[in-house]
Trainee: 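Structure provided below as structure tokens; questions to follow.
Just so it is clear, the values below take in all heavy atoms, side chains as well, and ignore hydrogens, waters and symmetry mates.
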Amino acid sequence: MSGRRKPRTAKSPEAKRSTGTRTNTEEKQTKTFEEQAANFNPPASGARPKKCGAPAKVKLDEEIKKDPKKTTASGARPKKCGAPAKVKLDEEIKKDPKKTTTATTAQTKPNVNCTASDANPETCGTKTKSPVDEKDNIISTIYKDKCAAEQPESTLKGKKGMTQLQMKQLSHDDSKKADDVKKTELRTTLNATLENLKIRMKEKSKASEVINKLEKVILKHLRSETIWFRQVEEPLHTGSYYENLKISNPDEFDIMFPIPVQRIDIQPFTEDGAFYVVSLKRGYNPLKRFQEDGKPLPASEILQDFRQEVIESIKDFPGVSIDRKKRGCPAVTLNIKVESRDISLDIVLCLVVQSSWPDFTSDGLKIEAWLGRKIKKDYKFKPYYLVSKYEGNGNDERDGILAKDCWRISFSHVEKEILKNHGSVKTCCEKDGTHCCRKDCLKLLKHLLSLLKEQDKSFAKFCSYHVKTTFLHACCSRTNDSQWAAADLTQCFEQLLIDFEKHLESRQLNNFFIPAQNLLSGCSQKSCKSLALRIKKEREEGFPIFKC
């Protein structure tokens with residue numbers, strides 16, 4: 001026992017020196033180690049973690065083998081569970097959290113109940129690590145964190161062996177494929193619907209031939225057999241058929257028989273500027289026969305006489321019958337049998353006014369950005385028309401004048417010109433020009449509304465003029481032909497539907513020529529919202545109504 005070295009105790013000088021301040025050599029070695037670990041840059045993403053930092057680690061191992069005392073006498077006492085080293089490590093973590101991970105912190109952080117004075121391996125709950133293990137652990141942790149931070153996302157593996165980037169890309173691809181399939185199906189449905197709506201040339205020519213003959217018969221009678229209507233001018237062909245917007249069958253035609261009037265006085269009958277009271281001034285006009293005692297021209301009486309003359313003119317025309325007069329309707333409706341098909345012809349008497357448009361139109365016809373200022377100026381120099389039409393109860397009176405005797409202003413001839421020359425580029429939809437999908441969108445919306453009206457009678461008050469007005473406003477908001485490209489039919493049609501839905505939800509659709517008139521004022525809020533919901537449902541579900 002005398003030859004053996006006496007073990008150190010807590011009170012021996014060696015123990016006191018070992019627990020004291022670190023030597024300069026130890027501090028320098030620890031500092032060098034920390035600098036190596038902090039400044040360590042992992043290799044490119046292709047290097048494997050277990051080989052990264054190998055030279056530094058080998059060098060450290062060699063130093064440990066040469067002089068183990070430099071590392072084992074670093075000041076960490078097993079009795080205190082490595083508390084000084086842990087405290088130092090915690091301080092380093094606070095300064096630079098990126099140097100260690102949560103797992104490393106959890107492994108190296110002492111138990112919360114462990115203090116510097118009473119900590120020991122049994123009560124601390126954490127196995128005491130030697131300085132060599134501590135350094136190895138820090139090197140490995142810093143390497144892994146830096147390597148993971150610098151490697152691209154494509155090297156991070158998912159649960160099933162796929163990288164996160166691959167998983168995201170797969171999800172994106174699946175979603176894109178589903179959208180493409182949906183768009184393809186929708187495009188196919190719309191194109192098939194348009195194909196079915198086309199009028200066959202053979203049917204079109206037969207219907208046009210009969211209508212033209214009937215038109216000439218009526219015109220000849222008015223000019224030669226009447227006194228009051230002998231000044232009638234050449235008929236104006238209006239409506240969807242003559243605007244190339246007729247769908248399915250050539251079974252509805254609209255023709256206006258205009259009578260020119262000069263030197264007239266017009267006064268608005270309603271506050272929105274859509275209906276007027278008309279009086280002839282001095283001068284000769286056959287229609288003055290209807291104006292008695294200084295009263296204005298009674299639209300109802302003139303329409304009644306005109307109706308009688310039309311009936312007289314077609315009495316010898318085979319296969320023609322006349323519908324009963326509809327309340328508030330300015331047209332005389334004839335039904336013609338063409339082979340096995342019934343054709344409806346609306347004949348409308350109108351007054352032609354060659355003067356400045358009423359003041360109510362000053363804020364309308366916003367086509368400057370779409371068709372140009374020059375085109376708008378040319379349209380404003382055209383005459384306007386007055387037709388025998390009223391809204392509501394015809395016996396409603398205002399200033400001694402009945403509603404049925406007022407006239408509604410019409411710009412149907414201008415509408416026809418706009419739809420005929422609808423492109424911001426003059427060659428739009430011409431034979432050698434670029435084609436757009438404007439008219440196709442309008443046809444589809446008209447067809448959708450007609451089908452919904454067949455299914456739900458509460459939509460009876462909605463008409464194709466609401467659709468046309470929505471379309472004209474849409475063209476003014478999306479003025480470039482590229483925004484109506486033929487290849488983008490699906491998107492353009494859906495956007496037009498969204499426009500119509502917004503008008504219905506707000507119950508506000510301003511007349512294109514007379515902004516003060518709300519065309520939806522005669523429709524209830526309930527029916528407007530109901531129609532908007534039905535259209536939205538069809539749009540979101542891919543228009544199942546077109547597939548029936």
Side-chain angles (χ1 to χ4, degrees), residues 215-238 254-270 273-314 325 328-332 346-361 379-391 394 397-414 416 513-514:
E215 174 190 304
K216 291 179 181 179
V217 169
I218 297 173
L219 180 61
K220 181 179 178 181
H221 176 83
L222 293 176
R223 286 179 172 177
S224 60
E225 303 297 330
T226 69
I227 298 175
W228 327 120
F229 308 114
R230 64 175 53 184
Q231 291 183 329
V232 66
E233 296 180 343
E234 287 293 323
L236 297 171
H237 300 134
T238 61
D254 298 276
I255 299 178
M256 297 176 70
F257 284 81
I259 297 179
V261 292
Q262 292 84 22
R263 303 188 64 206
I264 65 169
D265 177 64
I266 63 169
Q267 297 296 329
F269 182 77
T270 56
F275 297 88
Y276 292 87
V277 176
V278 180
S279 300
L280 295 172
K281 294 183 178 180
R282 294 181 180 180
Y284 173 75
N285 192 305
L287 293 178
K288 239 180 181 182
R289 173 236 178 202
F290 298 97
Q291 186 173 319
E292 298 177 356
D293 302 327
K295 292 183 178 180
L297 280 176
S300 59
E301 292 183 25
I302 295 177
L303 179 58
Q304 184 177 356
D305 274 28
F306 178 75
R307 181 182 178 85
Q308 293 301 322
E309 295 296 341
V310 171
I311 294 174
E312 182 68 21
S313 66
I314 53 97
K325 186 181 183 304
C329 179
V332 181
D346 284 344
I347 299 176
V348 179
L349 174 71
C350 65
L351 305 180
V352 186
V353 183
Q354 187 68 58
S355 66
S356 300
W357 292 8
D359 294 338
F360 285 95
T361 65
Y379 287 154
K380 294 283 281 187
F381 275 114
K382 290 181 178 293
Y384 62 91
Y385 299 103
L386 297 167
V387 298
S388 175
K389 182 178 176 61
Y390 62 90
E391 288 185 349
E397 186 177 340
R398 179 175 295 184
D399 297 331
I401 301 172
L402 299 177
K404 64 181 181 180
D405 288 331
C406 67
W407 301 78
R408 190 195 70 181
I409 194 168
S410 171
F411 299 95
S412 58
H413 58 307
V414 178
K416 179 182 175 182
F513 298 89
I514 313 168

Trainee: Kindly write out the residues that satisfy ring pair (Phe, Tyr, Trp, His ring centres under 6.0 Å) with F513, not counting sequence neighbours, or none if the list is empty.
Mentor: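 If we apply the ring pair (Phe, Tyr, Trp, His ring centres under 6.0 Å) test to F513, skipping adjacent residues, the hits are F411.
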Trainee: Taking only residues two or more places apart in sequence, or in another chain, which ones meet S300 in a side chain to side chain donor-acceptor pair (under 3.5 Å)?
Mentor: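 S300 satisfies side chain to side chain donor-acceptor pair (under 3.5 Å) with D405 once adjacent residues are dropped.
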Trainee: Establish, yes or no, whether the cationic atom of R408 lies under 6.0 Å from the six-membered ring centre of Y390 and within 45° of the ring axis.
Mentor: no
Trainee: So, using side-chain contact (heavy atoms from CB on, under 4.5 Å) as the criterion, who are the partners of Q308 when residues are at least two apart?
Mentor: none
Trainee: If you look at every heavy atom in G273 and I514, which pair is closest and at what distance?
Mentor: O-CD1, 3.6 Å
Trainee: Could you tell me which residues satisfy ring pair (Phe, Tyr, Trp, His ring centres under 6.0 Å) with H237, sequence neighbours excluded, listed by chain and number?
Mentor: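 For H237, the residues satisfying ring pair (Phe, Tyr, Trp, His ring centres under 6.0 Å) (neighbours in sequence not counted) are Y242.
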Trainee: Not counting sequence neighbours, which residues clear salt bridge (Lys or Arg N to Asp or Glu O under 4.0 Å) with E312? List them please.
Mentor: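 For E312 the salt bridge (Lys or Arg N to Asp or Glu O under 4.0 Å) partners, ignoring immediate neighbours, are K315.
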Trainee: Should we say atom NZ of K216 is surrounded by more than 12 heavy atoms from elsewhere, each under 6.0 Å from it?
Mentor: no
Trainee: W228: what forms a side-chain contact (heavy atoms from CB on, under 4.5 Å) with it, not counting sequence neighbours?
Mentor: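 So W228 forms a side-chain contact (heavy atoms from CB on, under 4.5 Å) with R289, F290, D305.
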Trainee: Please, which pairs that meet salt bridge (Lys or Arg N to Asp or Glu O under 4.0 Å) have at least one residue in residues 217-228, sequence neighbours excluded?
Mentor: R223-E234
Trainee: Could you pull out all residues at least two apart from K288 that satisfy side-chain contact (heavy atoms from CB on, under 4.5 Å)?
Mentor: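 Residues passing side-chain contact (heavy atoms from CB on, under 4.5 Å) with K288: L280.
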Trainee: Not counting sequence neighbours, which residues clear side chain to side chain donor-acceptor pair (under 3.5 Å) with E309? List them please.
Mentor: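 Per chain and number, E309 pairs via side chain to side chain donor-acceptor pair (under 3.5 Å) with H221.
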Trainee: Among pairs that include at least one residue of residues 379-389, which meet side chain to side chain donor-acceptor pair (under 3.5 Å), considering only residues two or more places apart or in two chains?
Mentor: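 Every pair satisfying side chain to side chain donor-acceptor pair (under 3.5 Å) with a residue in residues 379-389: there are none.
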Trainee: List in chain and number order the residues that pass ring pair (Phe, Tyr, Trp, His ring centres under 6.0 Å) with F306, two or more places apart in sequence or in another chain; answer none if no residue qualifies.
Mentor: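 F229.
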Trainee: What do the steps show when you test L219 against F257 for side-chain contact (heavy atoms from CB on, under 4.5 Å), and what is the final call?
Mentor: CA-CA 8 Å; L219 180 61; F257 284 81; 4.1 Å; yes
Trainee: Taking side-chain contact (heavy atoms from CB on, under 4.5 Å) as the test, write out the residues that go with D346, two or more places apart.
Mentor: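 side-chain contact (heavy atoms from CB on, under 4.5 Å) check on D346 returns D254, A331, T333, S344.
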